[in-house]
Amino acid sequence: MSTRFFEQADEAVAGIEDGSTVLVGGFGMAGMPVELIDALIRQGAKDLTVVSNNAGNGDTGLAALLAKGRVRKVICSFPRQADSWVFDDLYRSGRIELEVVPQGNLAERMRAAGAGIGAFFCPTGAGTLLAEGKETREIDGRTYVLEYPIKGDVALIGAHRSDRMGNLVYRRTARNFGPVMATAATTVIAQVREIVETGSLDPEAVVTPSIYVDRVVQEAQRA
Amino acid sequence: MSTRFFEQADEAVAGIEDGSTVLVGGFGMAGMPVELIDALIRQGAKDLTVVSNNAGNGDTGLAALLAKGRVRKVICSFPRQADSWVFDDLYRSGRIELEVVPQGNLAERMRAAGAGIGAFFCPTGAGTLLAEGKETREIDGRTYVLEYPIKGDVALIGAHRSDRMGNLVYRRTARNFGPVMATAATTVIAQVREIVETGSLDPEAVVTPSIYVDRVVQEAQRA
Amino acid sequence: MTATNTATGTGAPRGRLGKHEMAALVARDIPAGSFVNLGIGQPTLVADHLPAGSGVVLHTENGMLNMGPAAKEGEIDPDLTNAGKVPVTELPGAAYFHHADSFAMMRGGHLDICVLGAFQVSGRGDLANWHTGAPDAIPAVGGAMDLAIGAKKVFVMMTLFAKDGSPKLVPECTYPLTGLGCVDRVYTDLAVLDITPEGVRATRTFGITVDELAERLEVPLLTA
Amino acid sequence: MTATNTATGTGAPRGRLGKHEMAALVARDIPAGSFVNLGIGQPTLVADHLPAGSGVVLHTENGMLNMGPAAKEGEIDPDLTNAGKVPVTELPGAAYFHHADSFAMMRGGHLDICVLGAFQVSGRGDLANWHTGAPDAIPAVGGAMDLAIGAKKVFVMMTLFAKDGSPKLVPECTYPLTGLGCVDRVYTDLAVLDITPEGVRATRTFGITVDELAERLEVPLLTA
């Protein structure tokens with residue numbers, strides 16, 4: 001259905017329920033929907049499963065959400081960073097669950113959720129710790145691991161521009177997980193830097209068509 | 001390795017071997033690499049498996065390749081059309097094999113080949129003739145059919161522009177199968193309308209990065 | 001519009017709908033802002049009946065959202081066609097994508113509604129619309145199976161009876177299936193039929209009563 | 001460049017390579033026009049040694065081809081980083097794509113070469129580079145497993161011996177694996193080692209003979 005536009009990030013994140021799986025875009029700070037995460041902290045949903053490439057940096061954004069104790073489980077590819085002390089502390093004290101997923105599997109499992117694929121055989125991780133307990137199959141002489149979709153109740157993503165229909169474009173490597181997460185969640189909420197008139201985006205260059213975008217809010221404060 | 005540029009379609013299709021699987025882009029005439037197909041007819045490779053959405057129209061292009069008896073098998077979604085008399089005749093007289101594949105499976109199976117996926121569980125066709133004999137599995141209460149990649153030895157595709165590195169852009173619905181086939185074949189040959197300087201395509205709007213493109217030839221004759 | 005007395009054939013019940021009336025009926029049931037795929041054939045007529053400003057976005061499986069009406073003379077662009085290979089136009093806010101992305105959109109359940117033609121629909125919502133099953137027929141499926149299983153709601157448009165008088169709503173499809181249990185609602189010349197977990201319910205009839213209809217069908221109709 | 005006598009540590013054999021020399025060696029072995037992913041850490045040094053005009057195209061897994069050098073003061077764009085989250089630049093002919101497309105490119109075997117660091121490589125080409133296996137370590141894999149299994153050729157850059165003197169080329173990896181049988185060649189400070197179906201072959205050595213090397217390793221070296 002038609003994309004809805006909001007004035008405030010707080011309105012855009014309304015209704016996120018306790019226990020939700022929340023896909024959070026961004027790779028480092030590029031594409032990170034900081035204002036939506038801050039709004040989610042204020043909104044108060046708890047017992048969340050967060051799917052994101054990392055597990056928070058410093059004390060802001062995702063790390064702040066974790067620090068508030070709102071996150072039950074993190075599914076990510078790379079939780080351990082120089083400034084991931086919030087996650088580190090929660091993990092070491094047993095207060096948060098962690099599922100480490102190879103980065104390509106993280107992306108492909110969300111793509112599968114968005115594309116109606118029930119499961120797929122993937123070569124990544126075969127024979128390693130991260131495939132332990134998973135079904136494997138030899139196909140044409142190569143070992144593959146069966147991987148299942150990761151579906152979100154909500155996706156929070158950062159994009160560069162939206163038109164008034166909700167078509168999104170990204171900028172440079174800030175594109176990263178946004179377009180994939182937009183296909184994989186029931187409710188997709190995008191924070192954008194600019195809202196432009198419909199017809200002003202090149203239809204050949206739209207990366208996330210409006211069909212995938214439920215709610216859009218313009219950033220209150222530009223980085 | 002770097003994309004090679006050719007003056008003549010005949011040079012661009014050199015070396016295609018008998019018995020090859022050839023992916024042929026286009027949906028109707030949109031995106032159909034007509035000059036490359038004509039060059040392939042002159043080149044003479046035979047015993048081919050052709051993967052394309054349709055099985056030739058009228059007496060030109062793919063139909064002409066079929067009429068020359070060069071094609072052993074067609075894998076397509078929609079062979080039966082008002083003007084598919086060449087295929088119809090070959091099929092009814094048992095001189096060509098046919099594998100009918102739902103259009104979405106055709107695209108997704110080629111995507112899988114390009115993406116390193118060994119096989120995938122797909123809901124399309126479950127319980128129908130086209131899934132007979134295929135492995136199925138119930139996942140979360142839904143029946144899925146296991147589908148395998150379709151990999152090409154060669155892909156012949158039509159694009160709008162190439163830069164001098166081989167980055168491709170398409171135009172409107174002529175994009176169709178081209179970008180998927182470009183990922184799924186060992187040797188990818190693109191016919192383009194225009195070759196432009198490197199740096200003149202918007203990096204945000206490149207659809208097929210040069211890594212997927214082996215050979216480029218500019219159309220001799222524009223439609 | 002719902003029950004005008006337009007007889008469209010001799011011997012047909014008065015009030016039976018013509019194909020444009022059926023298309024208008026479908027169009028009225030599509031919520032504003034929906035993302036919709038209209039199958040080849042009769043379903044394409046639905047586009048003509050969508051009210052201006054409905055915000056309904058049309059998808060074509062060959063890689064486009066926000067498809068406009070058929071191209072008129074002078075507007076024809078060979079690079080811009082619909083799934084039936086008919087030249088079409090582009091509306092503001094359009095987006096193009098390749099075939100794998102387009103079918104991912106369909107198969108991933110992102111389209112709100114898909115409208116398809118049919119040879120037969122079973123009482124459980126099985127759909128047969130791709131293959132007559134004739135031994136000499138060349139099978140050709142296109143995107144039918146992907147559409148059937150992908151959209152959130154699948155609407156079928158068909159006449160309720162074949163030319164030979166046999167019902168096309170059947171206990172079991174005799175034609176090869178396109179998809180199992182995928183149809184949500186069937187728009188016919190004589191009735192609108194909802195396929196529900198409890199059974200088939202005629203929510204509207206045209207020039208025929210539910211009882212008369214029930215008598216002519218082998219599939220039982222829910223009465224409440 | 002291949003065998004300069006640059007001692008890089010006390011007690012090290014004369015002729016052992018420093019990390020910049022190793023990077024230069026790798027760079028020389030990358031054919032012109034290759035598509036290459038350079039892993040985080042030492043492998044990124046390889047970019048500095050690619051000759052101008054080599055046409056080597058760098059991929060970064062966060063969604064870009066034709067990545068340029070690290071951004072200098074005043075060039076920094078927070079929307080443009082490499083996989084190590086370091087600000088980088090864009091070369092003419094660049095293309096951006098999302099994460100699923102980027103990893104499809106890697107996993108589908110389209111990159112010609114990927115250069116990775118390692119804790120250990122086994123004689124069969126197993127790679128361990130993501131996890132120390134320490135019980136209190138927080139596991140973090142990133143794109144390492146995808147790179148290991150995806151590229152046409154996987155080159156490893158590492159010192160041949162750990163700080164405690166134990167070899168990092170081992171009969172069996174004791175660290176948790178990143179990928180099985182995926183490494184093609186190992187560039188070390190003391191030798192370049194090709195992993196072949198027949199075994200490990202030292203194709204070049206630096207300040208040490210193959211026999212001396214063989215004596216210090218548990219993995220047998222092919223002599224022909």
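Letters go in sequence order (proteins before strands), and every chain restarts at 1.
Heavy atoms from other residues, nucleotides or ligands lying under 6.0 Å from CD of C/E218 number 12 at most. Annotation: A/K151, atom NZ; neighbour count of heavy atoms from other residues, nucleotides and ligands within 6.0 Å is above 12. By the neighbour-count criterion of 12 heavy atoms within 6.0 Å, atom CD of A/E17 is sparsely surrounded, having that number or fewer from other residues, nucleotides or ligands. Counting non-hydrogen atoms of other residues, nucleotides and ligands closer than 6.0 Å to NZ of A/K46 gives a total of 12 or fewer.
Using a 4.5 Å cut-off between heavy atoms, A/R111 contacts chain C through its side chain alone, with no backbone atom that close. Contacts between A/M1 and chain C at a heavy-atom distance below 4.5 Å involve backbone atoms as well as side-chain atoms. Contact of A/S200 with chain C is not made at all, since no heavy-atom distance falls under 4.5 Å. Proximity to chain A (any heavy atom under 4.5 Å) is shown, for C/L91, by neither the backbone nor the side chain. In this structure, no portion of C/M106 lies under 4.5 Å from any heavy atom of chain A.
Side-chain contact between A/I211 and C/V57 is absent, with no heavy atoms from C-beta onward closer than 4.5 Å. Residues C/M105 and A/Y212 meet the side-chain proximity criterion, which asks for heavy atoms closer than 4.5 Å.
A pairwise comparison of heavy atoms in C/E90 and A/P203 identifies OE2-CG, 3.6 Å as the closest pair. Shortest non-hydrogen contact noted between A/N167 and C/A95 is OD1-CB, 4.3 Å.
Taking chain C as the reference chain and counting heavy-atom pairs below 4.5 Å, the highest number among A/P209, A/P149, A/A205 is found for A/P209.
Within the 3.5 Å criterion, the main-chain N or O of A/G114 finds a donor-acceptor partner in the side chain of C/H110.
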